[in-house]
Trainee: 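I am attaching a structure below and will ask some questions about it afterwards.
Small disclaimer: the values here were computed from a predicted structure and weren't measured.
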Amino acid sequence: MNYKKIENKWQKYWEDNDLHKFDPKNIDRKHYVLEMFSYPSGANLHIGHWWNFGLSDSYARFKKMQGYEVFQPMGFDSFGLPAENYAIKTGIHPKDSTYQNIATMERQIKEMGLMIDWSAEIITSDPSYYRWTQWLFLQLYKHELAYQKDAPVNWCPSCNTVIANEQVQNGECERCHNIVERRNMTQWFFKITNYAEELLNDLEKLDWPEKTKIMQTNWIGKSVGGEIEFDTESGHSFRVFTTRADTLPGLSFVVLAPEHPLVDVITTPEQKQVVQEYKKQALMTSEIDRLSTAKEKSGVFTGAYAISPLDNKRVPVFIADYVLYTYGTGAVMGVPAHDERDFVFAQKYNLPITRVIKSADGSPDELPYTEYGVMTGSGMFDGLTSEEGQLKVIEYLRKINKGEQKVNYRLRDWSVSRQRFWGCPIPIIHCQDCGAVPVPEDQLPVELPYDVNFTPDGQSPLKRHEAYINVKCPACNKDAKRDPDTLDTFVCSSWYFLRYPNASNDKAAFDKEFTNKIMPVDKYIGGSEHAVGHLLYSRFIVKALRDMGYLDFDEPFLSLVHQGMILGPDGYRMSKSRGNTINPDDYIRVYGSDIFRLYLAFGFNYIDGGPWSDEGIRAMVRFSERVDRIVQKYKDCQTETDSKVYNDAEKELDFVTHNTIKEVRADYQSFSFNTAMARIMELVNAIYKYDSLPEADQGFAKGAIITLIKLLAPLAPHLCEEWYEMLGNKPSIFSQSFPEYDESKLVKDKVEIAVQINGKLRGAVVTPSKASQEQIKQIVFQNPQIAKYLEGKTPKKVIVIPRRIVNIVL
RNA sequence: GCCGAAGUGGCGGAAUUGGCAGACGCAAAGGACUUAAAAUCCUUCGGAGUGUAAACUUCGUGCCGGUUCGAGUCCGGCCUUCGGCACCA
């Protein structure tokens with residue numbers, strides 16, 4: 001077979017007939033299938049693209065054949081650091097390299113033969129796209145969900161930019177793996193924390209992998225507890241957050257984060273110097289160093305004392321870097337008997353350790369005892385369980401105005417400013433008099449200038465571009481400056497799924513009515529590395545736009561699938577530095593797109609992935625030729641009728657055909673492409689077997705072959721179009737409906753069931769499939785093979801599972 | 001340390017709710033066809049053992065226990081690998 005020729009023919013046919021274009025007329029039957037778009041890197045498409053796009057396309061084609069109006073778009077997440085770093089190295093402008101890469105990738109993606117509606121293509125670095133990213137920013141700003149603050153942020157010294165919490169892994173930059181520093185900078189943030197509770201609660205509505213939901217749950221990190229107010233002897237006050245108010249009677253000290261503003265106020269003159277030094281030390285310590293010394297607690301005494309609101313106990317106030325200024329109130333109470341960190345700290349600084357919780361059942365326990373238990377040595381609270389105590393203690397404090405119930409989240413606001421060139425400009429102008437002034441919406445987009453010196457010097461490259469940076473204030477018309485930063489590329493990708501259906505709309509980011517109908521995405525496919533970044537940001541943006549009145553739905557992605565990863569042949573992640581990359585082009589040249597797609601479908605489990613191996617790719621050629629031979633044999637057969645009188649052979653083929661339909665439908669729906677292929681191969685085998693019979697009915701066989709081609713079409717679209725046409729049908733096969741199965745054909749007259757004796761397999765008997773339990777028992781006991789085991793013994797119990805198994809207990 | 005997932009033949013991988021472990025392929029071995037090769041077709045293919053043979057026995061889903069008529073699947077305790085989080089009060 002000439003694969004290349006067949007592929008070209010059908011790709012042209014699809015394009016000429018606009019078969020992949022979404023038709024808004026049929027929006028009631030819409031099915032939005034979306035693969036996470038990709039960054040246009042310089043290299044050719046890698047196996048991962050084929051794996052993600054190719055098999056998702058099979059799902060999309062399956063849905064199309066099921067009668068859905070499928071919308072499957074494609075685009076490029078084209079802002080970002082690699083192009084800029086490449087530019088710094090080679091002098092080739094990011095815009096030039098990016099658009100060249102996009103052209104190459106488009107061509108290659110088209111060779112895959114995907115069912116893409118290219119009229120909806122988007123490129124995030126196009127002004128026609130980022131104009132609306134800027135619009136989005138301004139809406140967030142207008143609704144106080146975008147704000148500036150001077151705060152400690154993660155600075156990557158190698159990338160020369162701030163990065164978000166979600167982009168820090170083990171204290172390192174996720175991109176370049178350099179150690180991240182903390183810096184205080186004035187930055188733009190998005191107030192994702194406003195949505196912490198809803199982002200958490202709505203997870204249960206989603207058909208997502210449990211693993212991913214758990215990761216988001218942990219990332220949001222809700223904890224329920226209380227805030228407690230302490231006064232210092234000097235007359236100041238501060239609050240601590242705790243989830244264990246029941247341990248408050250065991251208070252031994254309190255600790256403030258070094259950055260806490262009260263530290264300078266309450267520190268006594270004698271302690272001033274050590275406190276200052278400790279603060280300086282703590283600020284200089286990088287995140288990674290703080291982690292590596294996790295076990296070693298350090299801190300210094302401020303000289304000040306605080307008073308417990310519960311019992312007026314006087315306790316020393318420390319500062320220590322194990323208390324994070326960015327979580328809770330930046331201050332904690334120290335109860336060493338019931339918290340491991342406090343215990344270590346108290347031992348080191350010789351602070352009293354007082355037990356106030358004992359185990360509920362009185363069993364012996366050691367300090368620190370961090371489990372829930374019963375309060376003891378706690379005065380009026382004695383005897384309460386931890387759960388009761390937490391409520392009662394806070395309730396008591398609330399009455400005396402010294403505390404309240406409080407919920408805290410681990411999630412922080414999303415920092416979006418980046419000190420880099422190749423990104424979406426922030427549409428804000430800073431005026432000495434008016435402050436931060438939004439660029440009027442009718443002046444969008446704020447275009448990224450081309451002639452920029454992007455050599456890094458630790459500041460935004462746009463800052464040096466005089467013509468760009470110097471503007472008049474839109475409010476007062478005085479001299480002002482543009483914000484020199486660009487947006488995190490995750491902002492671009494946090495709403496792209498809304499833009500696809502509106503790609504050519506130049507009046508608005510999206511049309512509300514149409515978007516409410518075509519959204520949410522019905523099936524979203526992409527890597528699990530985005531579990532807490534992109535997937536969380538997108539959910540936030542949709543909820544924010546909903547609250548602004550732009551959208552009527554709550555969640556962007558109803559159903560999510562993470563494809564596994566195809567590793568190098570050595571079992572490691574493919575990388576150039578490891579030299580274990582596989583270039584799909586080498587295979588495409590020889591086998592074409594369909595064979596390669598078939599191999600990916602059959603050779604691996606889609607959710608798990610696995611190490612690459614091309615043993616077996618030849619088998620797909622063999623398989624396609626096997627199908628081709630049977631098609632060739634039947635292509636001139638005119639009759640396509642069901643055999644009037646079904647003999648056993650026809651019943652058998654019918655059973656396999658309908659069983660295959662049933663299984664394949666379920667398999668495609670659950671992205672289990674490898675088992676779908678296995679079932680289809682079984683059908684091919686069954687057709688060959690029937691065909692080899694002298695009495696085989698030609699028309700009957702042909703019917704099964706057409707069903708086979710339709711079942712296979714989503715996995716091998718070009719070949720199946722060709723075969724379908726060869727068999728005398730009008731294209732396109734994708735306008736045909738996917739085969740339905742007939743339940744009555746799945747009922748066999750007779751079934752073989754296994755017989756166990758005392759749980760051990762001892763034989764099998766054939767029974768009528770409708771036989772009652774009693775009838776089955778009779779057949780079993782009459783079977784000579786079984787009877788010999790039963791001689792002289794009385795069965796104690798006989799378990800009959802119709803159509804499956806019989807177990808006789810002696 | 002905490003959270004999560006996985007562990008099945010020589011290999012990739014299958015096994016509805018607990019119901020014949022190893023579907024479907026790959027590789028391998030033997031055979032048919034062929035002058036030959038390729039292609040195709042047929043047979044065997046988890047381990048150990050018994051038998052001339054059809055066949056039979058026994059062990060077997062990371063390890064140790066348990067529940068059950070019956071466990072790859074459920075429960076308890078371990079081991080290993082991978083992913084995520086990491087002083088979150």
Side-chain angles (χ1 to χ4, degrees), chain A residues 169-171 209-219 221-223 225 240-244 247 254-255 257 287 290-291 293-297 320-324 326-335 338-342 344-345 408-412 528-529 531-532 562 565 567 571 599 602-605 607-608 610-623 625-626 629 663 666 672 674-682 684-685 688 692 752-764 785 795-810:
Chain A
Q169 285 175 345
N170 299 320
E210 277 312 306
K211 179 180 97 175
T212 307
K213 294 204 228 177
I214 289 168
M215 276 167 72
Q216 289 210 352
T217 302
N218 293 341
W219 189 260
K222 178 179 184 176
S223 32
V240 302
F241 173 73
T242 178
T243 55
R244 292 299 301 274
T247 65
V254 292
V255 190
E287 287 291 334
R290 276 171 82 156
L291 286 173
T293 56
K295 296 263 148 51
E296 186 65 26
K297 295 275 174 292
D321 64 4
Y322 79 88
V323 177
L324 307 175
T326 46
Y327 182 78
T329 59
V332 302
M333 61 187 210
V335 183
H338 305 293
D339 181 280
E340 279 181 46
R341 292 155 302 183
D342 296 347
V344 173
F345 194 81
N408 252 312
Y409 300 91
R410 208 191 74 114
L411 183 70
R412 313 287 158 79
S528 59
E529 67 272 19
V532 289
H562 293 310
M565 202 187 297
L567 307 167
Y599 180 58
F602 184 59
F604 310 82
N605 172 305
I607 308 297
D608 296 341
W612 174 255
S613 148
D614 60 9
E615 282 191 30
I617 194 162
R618 286 290 313 161
M620 296 301 108
V621 175
R622 215 172 307 172
F623 169 77
E625 286 173 348
R626 196 165 151 80
R629 274 197 305 278
E663 298 288 324
S672 184
N674 54 345
T675 52
M677 262 303 273
R679 296 292 89 81
I680 290 170
M681 286 170 164
E682 281 171 340
V684 173
N685 293 342
Y688 264 87
S692 71
E752 192 190 70
I753 61 177
V755 181
Q756 294 183 332
I757 293 167
N758 288 337
K760 292 204 167 159
L761 188 68
R762 292 299 183 201
Q785 201 191 348
K796 213 183 336 176
K797 199 172 173 186
V798 181
I799 289 137
V800 180
I801 311 291
R803 290 189 295 281
R804 287 201 186 277
I805 207 164
V806 173
N807 192 4
I808 302 167
V809 188
L810 295 176

Trainee: Starting at CG of A/Asp342, measure out to CZ of A/Arg244 and round the result to the nearest 0.5 Å.
Mentor: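 Answer rounded to 0.5 Å: 11.5 Å.
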Trainee: For the residue pair A/Thr212 and A/His562, what are the closest heavy atoms and their distance?
Mentor: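 The pair with the smallest heavy-atom distance is OG1-NE2, 2.7 Å.
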Trainee: Quick one: A/Glu682 CD to B/G25 P, roughly how many Å, whole number?
Mentor: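 That distance rounds to 7 Å.
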Trainee: Can you name the closest pair of heavy atoms from A/Ser613 and A/Tyr599 and give their distance?
Mentor: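 Answer, listing the atom of A/Ser613 first, then A/Tyr599: O-OH, 2.5 Å.
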Trainee: Without decimals, in angstroms, what is the distance between A/Asn218 CG and B/C3 P?
Mentor: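 Whole-Å distance recorded here is 10 Å.
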Trainee: Does A/Glu615, at its CD atom, have more than 12 non-hydrogen atoms belonging to other residues, nucleotides or ligands within less than 6.0 Å?
Mentor: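 No, the 6.0 Å shell around CD holds no more than 12 heavy atoms from other groups.
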Trainee: Would you indicate which nucleotide in B/G4, B/A23, B/U16 comes nearest to any side-chain atom of A/Arg804?
Mentor: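 The nucleotide sitting nearest to the side chain is B/U16.
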Trainee: Look for any protein N or O under 3.5 Å of an N or O in nucleotides 11-15 of chain B and output each such pair with its distance, or none.
Mentor:
unit_1, atom_1, unit_2, atom_2, d
B/G12, O2', A/Gly603, O, 2.1
B/G13, OP1, A/Gly609, O, 3.4
B/G13, O3', A/Asn674, ND2, 3.0
B/A14, OP1, A/Asn605, ND2, 2.4
B/A14, OP1, A/Asn674, ND2, 3.1

Trainee: Distance check, C1' atoms only: B/G13 and B/G7, in whole angstrom units.
Mentor: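 These two C1' atoms come out 14 Å apart once rounded.
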Trainee: Within the modelled atom types, does a donor on one side and an acceptor on the other bring the side chain of A/Arg412 and the base of B/C88 under 3.5 Å apart?
Mentor: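 By the distance-only test, yes, there is a pair.
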Trainee: May I ask you to say what A/Asn685 touches in the nucleic acid, namely base, sugar-phosphate or nothing, with a heavy-atom cut-off under 4.0 Å?
Mentor: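 Sugar-phosphate, no base atom in range.
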Trainee: Counting the atoms with a prime plus P, OP1 and OP2 as sugar-phosphate, which does A/Thr326 contact under 4.0 Å by heavy atoms, base, sugar-phosphate, or nothing?
Mentor: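 Nothing, no heavy atom under 4.0 Å.
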Trainee: Whole angstrom is fine here: how far is it from CG in A/Asp339 over to C1' in B/C88?
Mentor: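 Spelled out: CG on A/Asp339 to C1' on B/C88 is 11 Å.
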Trainee: For nucleotides 53-57 of chain B, give me every protein contact, N/O to N/O, under 3.5 Å, one pair per line with atom names.
Mentor:
unit_1, atom_1, unit_2, atom_2, d
B/U57, OP1, A/Arg762, NH1, 3.2
B/U57, OP1, A/Tyr789, OH, 2.7

Trainee: Nearest whole angstrom, please: distance from the P of B/C87 to the OH of A/Tyr322.
Mentor: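 Roughly 13 Å, once rounded to whole Å.
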Trainee: Working to the nearest 0.5 Å, report the span between CE of A/Met565 and OG of A/Ser528.
Mentor: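 Here the rounded value is 7.0 Å.
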Trainee: Report yes if a donor N or O on one partner sits less than 3.5 Å from an acceptor N or O on the other, where the partners are the side chain of A/Lys796 and the base of B/C69; otherwise report no.
Mentor: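 It does not, because no donor-acceptor pair links the side chain of A/Lys796 to the base of B/C69 below 3.5 Å.
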Trainee: For atom P, what is the distance between B/G19 and B/C75, given to the nearest Å?
Mentor: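 Comparing P positions in B/G19 and B/C75 gives a spacing of 15 Å.
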Trainee: Roughly how far apart, to the nearest Å, are B/G12 and B/C2 at atom C1'?
Mentor: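 Each nucleotide's C1' atom is 34 Å from the other's.
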Trainee: Give me the distance, rounded to whole Å, that separates B/U73 from B/A5 when you measure between the P atoms they each carry.
Mentor: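 Each nucleotide's P atom is 16 Å from the other's.
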Trainee: Whole-Å distance between B/G83 C1' and A/Lys211 NZ?
Mentor: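 About 6 Å, once rounded to whole Å.
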Trainee: Rounded at 0.5 Å granularity, tell me how far OG1 in A/Thr329 sits from CG in A/Asn408.
Mentor: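 The CG atom of A/Asn408 is 8.0 Å from OG1 of A/Thr329, to the nearest 0.5 Å.
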Trainee: Quick one: does NZ or CZ of A/Lys297 land under 6.0 Å from the six-membered ring centre of A/Tyr322, within 45 degrees of the ring axis?
Mentor: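 Judged by the rule, A/Lys297 and A/Tyr322 form a cation-pi pair.
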Trainee: Answer yes or no: is there an ion pair linking A/Arg622 with A/Glu625, defined by an N-O contact shorter than 4.0 Å?
Mentor: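 A salt bridge is absent here (no side-chain N lies under 4.0 Å from a carboxylate O).
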Trainee: Expressed in whole Å, how much space separates the C1' atoms belonging to B/U61 and B/G9?
Mentor: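 Roughly 10 Å separates the two C1' atoms.
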Trainee: Grab the CH2-C1' distance between A/Trp612 and B/C26 for me, whole Å please.
Mentor: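 Answer to the nearest Å: 14 Å.
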Trainee: In whole angstrom, give me the gap between the C1' atoms of B/A39 and B/U17.
Mentor: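 Taking atom C1' in both B/A39 and B/U17, they lie 46 Å apart.
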Trainee: Please answer whether the main-chain N or O of A/Ile617 pairs with a side-chain N or O of A/Asp614 as donor and acceptor at a distance below 3.5 Å.
Mentor: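 Side chain of A/Asp614 to backbone of A/Ile617: no pair is present.
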Trainee: Whole-Å distance between B/A71 C1' and A/Asn807 CG?
Mentor: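 Result: 13 Å.
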Trainee: What distance, rounded to whole Å, do you find between the two P atoms, one in B/U80 and one in B/C69?
Mentor: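 Each nucleotide's P atom is 35 Å from the other's.
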Trainee: Looking at B/C26, B/G19, B/C88, which one has an atom nearest to any side-chain atom of A/Ile799?
Mentor: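 Looking only at side-chain atoms, A/Ile799 lies closest to B/G19.
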Trainee: NA contact type, A/Ala619, heavy-atom cut-off 4.0 Å: base, sugar-phosphate, or nothing?
Mentor: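 Sugar-phosphate, backbone atoms only, no base.
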Trainee: When the C1' atoms of B/A28 and B/A86 are considered, how many whole Å apart are they?
Mentor: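 The same atom, C1', in both gives a distance of 49 Å.
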Trainee: Grab the CZ-C1' distance between A/Arg341 and B/C2 for me, whole Å please.
Mentor: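 Distance, rounded to whole Å: 13 Å.
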Trainee: Where the side chain of A/Ile805 is defined as all heavy atoms beyond and including C-beta, which of B/A89, B/C88, B/C20 is the nearest nucleotide?
Mentor: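 My answer, after comparing the listed nucleotides, is B/C20.
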Trainee: Tabulate protein N/O versus nucleotide N/O from nucleotides 38-45 of chain B, keeping only pairs under 3.5 Å, one per line.
Mentor:
unit_1, atom_1, unit_2, atom_2, d
B/C41, OP1, A/Arg626, NH1, 2.5

Trainee: Once you apply the 3.5 Å cut-off to both distances, tell me the Watson-Crick or G-U wobble partner of B/U57, or none.
Mentor: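 Pairing partner: B/A48.
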